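What you see is a predicted model; the values in this text were computed from it and never measured. Within every chain, numbering begins at 1; the chains are lettered A, B, ... in the order of the sequence lines, protein sequences first and strands thereafter.
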There are 2 protein chains.
Amino acid sequence: MLDINAGQYELIYNSFSFGIAAMGAATLFLFLNRTTVSANYRAAVTISGLVTAIALYHYVRIIESWAGAFTVLNGTITATGARFNDAYRYVDWLLTVPLLLIELILVMRLSRAETTSKSFRLGGLAILMILLGYPGEVSTDPTTRWIWWASSMVPFLFIVVELFVGLKKSIDSQPAEARGLINNARWLTIVSWCFYPVVFILPMIGVTGGAATTAVQIGYTIADVVAKAVFGVLIYQIAVRKSEVEVAAHAATLGEVGAVARPANA
Amino acid sequence: MLDINAGQYELIYNSFSFGIAAMGAATLFLFLNRTTVSANYRAAVTISGLVTAIALYHYVRIIESWAGAFTVLNGTITATGARFNDAYRYVDWLLTVPLLLIELILVMRLSRAETTSKSFRLGGLAILMILLGYPGEVSTDPTTRWIWWASSMVPFLFIVVELFVGLKKSIDSQPAEARGLINNARWLTIVSWCFYPVVFILPMIGVTGGAATTAVQIGYTIADVVAKAVFGVLIYQIAVRKSEVEVAAHAATLGEVGAVARPANA
């Protein structure tokens, strides 16, 4: 059973509620604004909203499972015996991590062949990474955890290399106005993702007990909000910027540059 | 009563939750994007969304029935005595399987007469297949199960033959740009559907107990997600591709090829 005190329980509970509010708000924002970008980028913004919607669903399940695992009465916490289901996170990642990578690929608007091949390669590596992490997560044996952690790190590193090297070339072909933002999105992915394998290691290096549980749960929640909601808004901004550039270019060819409408305010 | 352990219970529970998230995300995706395809294909995309919406409803019911059939306290699983209602799957298939076949027919945009006749023939065979499978599914007697399985396989094989032979001719008349994707959709249907009669047989060939229940429930869930959500996205991609081809052909007849807008990026 998890060994936590009432204060830690409430802090974790509140972080899950923060996750629900942040994911819900991001979903509304992305779905309401998807028609303010040009048709070429609508799929990227729609998928960003799907990712936060899926995360919203899982945070509702997570907070319910958390509330069912303990009762706090007059400041005294008691475990109910029901298990806190941490696996919701893995189910979430299995769906959302490939979609996050596809968002980034779609907003770059590469050739159709490149979009398909990069989506399959990165999406496949992401699924492999999550599946290999799960057997370690559910184990309490440090050796088992290290083996699966290391296995999971292999596809993880392939993804990071692909984002660093493989996408670098494609970024240079992006319009100058959007290049900075796309670079930010790439870095946000790399940095926020690095948090997960570090959190995974904590119990293996002796960080256990209530404080560790609190750090892990709040840490995962913040990382999820950054990697999904903040990242989604960034993808939206890239889509707005690139729509503007393309509308301006199209208007220029029609000789009516002055009449360009900004498709949305970014 | 089902003989499973706590770990198997949780694995099955999590696979149902995965089904809810995947069907919900697919429904949002298909409904949000239905207006991005030309009017000719909107019905196909709408029906794809209906299929995942119906499945979403049933997975919510299934997970509730599953949660009500057992309690897990401190790692010990106890059957509550309430029956896990597996019939939700049959009710789901009765509605969704004919619709899945109709999706595929609609996206091919055959003549009106052919669309109607193929929809009735394939839809009718699908309903017959589900109805004949059900008496076997609820029986524990192997002989009874084999008789109904064999009866159900007759319409099943007719559908497979129709997809192989009957649709082959129609596929050759599709635009070259969409032919590969339609072929994928046809194969995805055949392969994912083959899973169901195999799962049905498992208890008859001695695969019983907790491991079998786990394999059956997780297997059905994965097959459902592939046959409905992945298939629906594939139908959407076909609709996008064919809309593009038709818009381009229309623009060419108007002599303004340069101004073709891509309706969405697939």
Side-chain angles (χ1 to χ4, degrees), chain A residues 1 27 30-31 34-35 38-47 49-58 60-62 64-65 68-69 79-83 85-96 99 102 105-112 115-116 119 134 138 239 246 250 253-254, chain B residues 6-7 9-37 56 59-60 63 67 70-78 177 180-181 184 221-222 225 229 233 236-237 240-241 243-244 247 258-266:
Chain A
M1 205 67 271
T27 305
L30 293 164
F31 284 169
R34 55 187 280 279
T35 47
S38 88
N40 296 323
Y41 301 107
R42 218 155 282 171
V45 175
T46 307
I47 292 180
L50 288 183
V51 164
T52 51
I54 294 169
L56 170 63
Y57 164 74
H58 284 113
V60 170
R61 286 273 187 205
I62 285 170
E64 279 177 6
S65 177
T80 60
R83 199 172 83 87
N85 189 358
D86 223 2
Y88 285 129
R89 293 198 182 280
Y90 276 80
V91 177
D92 181 79
W93 296 337
L94 203 56
L95 288 162
T96 57
L99 291 176
I102 290 170
I105 294 164
L106 280 179
V107 88
M108 297 183 75
R109 205 182 164 201
L110 309 171
S111 72
R112 181 159 280 168
T115 300
T116 309
S119 295
Y134 184 70
V138 296
E246 287 168 26
H250 184 67
T253 63
L254 296 174
Chain B
Y9 166 82
E10 276 163 15
L11 206 54
I12 293 171
Y13 181 94
N14 291 329
S15 82
F16 293 159
S17 183
F18 166 76
I20 292 173
M23 296 301 183
T27 306
L28 280 172
F29 177 84
L30 294 164
F31 284 169
L32 285 169
N33 282 327
R34 55 186 281 281
T35 48
T36 63
V37 301
L56 169 63
Y59 272 94
V60 170
I63 205 171
F70 302 96
T71 48
V72 181
L73 272 180
N74 303 313
T76 306
I77 187 166
T78 322
E177 292 85 346
L181 281 174
N184 289 351
T221 306
I222 293 170
V225 168
V233 172
Y236 168 73
Q237 287 185 308
V240 168
R241 202 66 63 89
S243 299
E244 282 170 12
V247 169
V260 176
R262 273 178 72 196
N265 36 3

Tightest non-hydrogen contact, residues B:L28 and A:A53, listed as CD1-CB, 4.0 Å
Query raised in the report: Would you say A:R34's side chain and B:L32's backbone share a donor-acceptor pair under 3.5 angstrom?
Result: yes
When the 4.5 angstrom heavy-atom criterion is applied to A:D92 and chain B, the contacting part is neither
Student check: side-chain heavy atoms of B:N14 and A:Y90 closer than 4.5 Å: no
Ranking A:L99, A:I54, A:L95 by heavy-atom pairs under 4.5 Å to chain B gives rank one to A:L95
CZ (A:R61) and CD1 (B:I63) are apart, to the nearest 0.5 Å, by 4.5 Å
Between A:R112 and B:E244, does any NZ, NE, NH1 or NH2 come within less than 4.0 Å of an OD or OE carboxylate oxygen?
yes
